[in-house]
2 protein chains.
Amino acid sequence: MNKKKQQTEQTKKKIADAARALFAQKGYKATSIEDIVKATGCSAGNIYYHFKNKEGLFLYLLEEWNTEWDKTWLDKETLYPTAIDKLYGMAEHLALDQLNHPLTKAADEFFNNSEKAPDVEERIHEMVKGYLDFNRQLLQRGIDNHEFETTNVTGLAIILDSLMLGLNQHSRRMEREEALEAYRLAMDVFLHGIAKPTRTR
Amino acid sequence: MNKKKQQTEQTKKKIADAARALFAQKGYKATSIEDIVKATGCSAGNIYYHFKNKEGLFLYLLEEWNTEWDKTWLDKETLYPTAIDKLYGMAEHLALDQLNHPLTKAADEFFNNSEKAPDVEERIHEMVKGYLDFNRQLLQRGIDNHEFETTNVTGLAIILDSLMLGLNQHSRRMEREEALEAYRLAMDVFLHGIAKPTRTR
DNA sequence: TATAACACTGAACTTTTATTCAGTATTATA
DNA sequence: TATAATACTGAATAAAAGTTCAGTGTTATA
């Protein structure tokens with residue numbers, strides 16, 4: 001039970017790699033199984049042998065990306081002592097990940113596309129919830145540290161995610177430095193706002 | 001030259017209305033010409049008589065939506081004296097428009113989909129530029145009024161647009177009041193930030 | 001070594017899609 | 001009224017898509 005498992009792993013990776021690149025370049029719907037067949041050199045049947053279907057293949061890539069992101073972030077996180085530092089760090093991390101990571105565009109398309117199996121829809125829901133939880137924890141830490149003054153943690157988690165989501169779309173048309181700058185500025189605004197300090201609160 | 005123009009206007013509207021509803025419900029790609037045929041009762045050929053193709057039909061709806069938005073906003077704008085008021089007003093306007101307006105999801109899908117004719121791509125680029133210009137003007141007014149302290153108007157226009165873009169996605173899963181609240185909170189943050197007023201600037 | 005489990009092929013199947021076009025009916029024009 | 005322009009039909013086209021499956025060779029198991 002060795003050469004077979006190894007073979008399976010290898011071709012599964014080959015398919016995943018090719019699919020990732022294609023989804024990134026052309027989007028989810030526009031990438032056909034035939035495209036992946038051509039790119040990998042293996043047959044259509046083989047793809048369906050290793051993955052349930054096109055949806056399943058894409059979901060696999062999303063999960064892979066998610067865990068990868070978590071891992072690299074955990075490595076970085078310790079470098080940032082305060083919650084504010086963490087926010088800027090996360091912004092930078094996202095900016096770079098999204099620039100380097102090819103899947104964001106296709107992911108958006110997939111997320112917003114209605115033709116998904118119910119269980120897939122469910123899984124995506126969980127992912128989004130995961131992002132929001134992540135934000136919530138980050139914000140809560142800032143509150144506990146007396147860095148932030150706010151009570152509506154859940155609301156702000158959505159605002160933060162919205163900001164990152166929207167920037168993600170814009171940053172597609174940006175160069176690396178431009179994108180990093182935009183993410184930094186977004187965090188400046190998120191932390192300090194743009195109004196003159198005549199606070200009415 | 002009357003009954004014919006009238007007829008054309010009527011069926012063009014009928015097709016546009018049906019298409020809008022379908023695109024909203026199912027997304028751009030998932031809506032087929034056949035769907036529109038069934039919904040309108042007119043033939044496929046007729047749709048291609050009035051619109052260049054599927055892309056052209058969708059673009060027509062986008063343009064229509066854009067001009068409609070501009071018009072209703074211009075009516076509202078005068079109600080808000082300061083730039084800050086205008087920002088909150090715009091947020092509310094967007095929140096309601098996006099809730100009522102069915103096309104946002106399909107628009108996202110369309111925007112991010114690579115298979116567009118070059119001239120369509122160009123037109124979309126112009127639209128995005130229009131949004132950013134709109135933001136820029138609003139922010140500039142706030143600076144002139146001494147409401148905002150900032151110099152990077154272009155950067156902030158992108159941040160503001162990103163925020164609205166991201167909220168748009170989240171608000172799809174929200175009720176009316178919830179969405180309005182989220183948009184308001186987003187503006188609070190955009191204006192005042194979340195950090196304690198120990199400003200380092 | 002015989003049998004079972006596995007990795008894989010690739011053509012065939014089924015749907016679905018956007019788009020076209022020869023032809024028809026209605027309305028305007030001269 | 002004759003002719004031209006216009007609004008429309010609907011079947012045909014043609015390409016593309018996701019998915020399946022009978023069959024082939026290879027590796028593990030007993």
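As a basis for the values below, the full set of heavy atoms in this structure was taken, side chains included, without hydrogen atoms, waters or symmetry mates. In the text below, chain A, chain B and the rest are named by the order of the sequence lines, each starting its count at 1.
Applying the 4.0 Å criterion to OP1 and OP2 of D:dT19, one finds that A:Y48 has a side-chain N or O inside that range. Between A:S43 and the phosphate of C:dC8, there is no side-chain N or O to OP1/OP2 separation shorter than 4.0 Å. In this model, the phosphate group of D:dA7 is not approached by any side-chain N or O of B:N46 to a distance below 4.0 Å at OP1 or OP2.
The 12-atom threshold is exceeded at CZ of A:R172, counting heavy atoms of other residues, nucleotides or ligands nearer than 6.0 Å.
In the model, A:Q140 has a side-chain atom that pairs as donor or acceptor with a side-chain atom of A:D144 under 3.5 Å.
Ionic pairing of B:D35 and B:K38 is not present here: no N-O contact between side-chain nitrogen and carboxylate oxygen is shorter than 4.0 angstrom.
Of the candidate nucleotides C:dT20, C:dT9, D:dC8, D:dC8 has the atom lying nearest to any side-chain atom of B:H50. Closest to the side chain of A:S32, out of D:dA17, C:dA11, C:dT9, is D:dA17. Nearest to the side-chain atoms of B:Q7 among the listed nucleotides C:dA18, D:dA7, D:dA11 stands D:dA7. Counting only heavy atoms from C-beta on, A:T11 has its side chain closest to C:dC8 among C:dC8, D:dT19, D:dA7. For B:K4, the side-chain atoms get nearest to D:dA5 when compared with the rest of C:dA5, D:dT20, D:dA5.
One atom, CD of B:Q6, and another, P of D:dT6, lie 17 Å apart when rounded to the nearest Å. Remark: C1' of D:dT26 and NZ of A:K5 are 18 Å apart, rounded to the nearest angstrom. The interatomic distance linking B:K52 (NZ) with C:dA18 (C1') rounds to 13 Å, in whole Å. Separating the NZ atom of A:K54 from the C1' atom of C:dT16 is a distance of 13 Å, rounded to the nearest angstrom. If you measure from atom CZ of B:F58 to atom C1' of C:dA18, you get 17 Å, rounded to the nearest angstrom. Taking atom CZ of residue A:F51 and atom C1' of nucleotide C:dA7, one finds them 14 Å apart after rounding to whole Å. We find that CD of B:E34 is positioned 12 Å from P of D:dG10, with the value rounded to whole Å. Note: OH (B:Y49) to P (D:dT6) measures 7 Å, nearest angstrom.
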*In sequence, state the C-alpha distance, the side-chain angles, and the governing distance for B:K14 and B:D17, and then conclude on salt bridge (Lys or Arg N to Asp or Glu O under 4.0 Å).*
CA-CA 5 Å; B:K14 189 167 71 178; B:D17 287 343; over 6 Å; no

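Contact between A:Y183 and A:A95 at its shortest, heavy atoms only, is CD1-CB, 3.4 Å.
No N or O donor and acceptor, one from the side chain of A:K3 and one from the base of D:dT27, sit under 3.5 Å apart.
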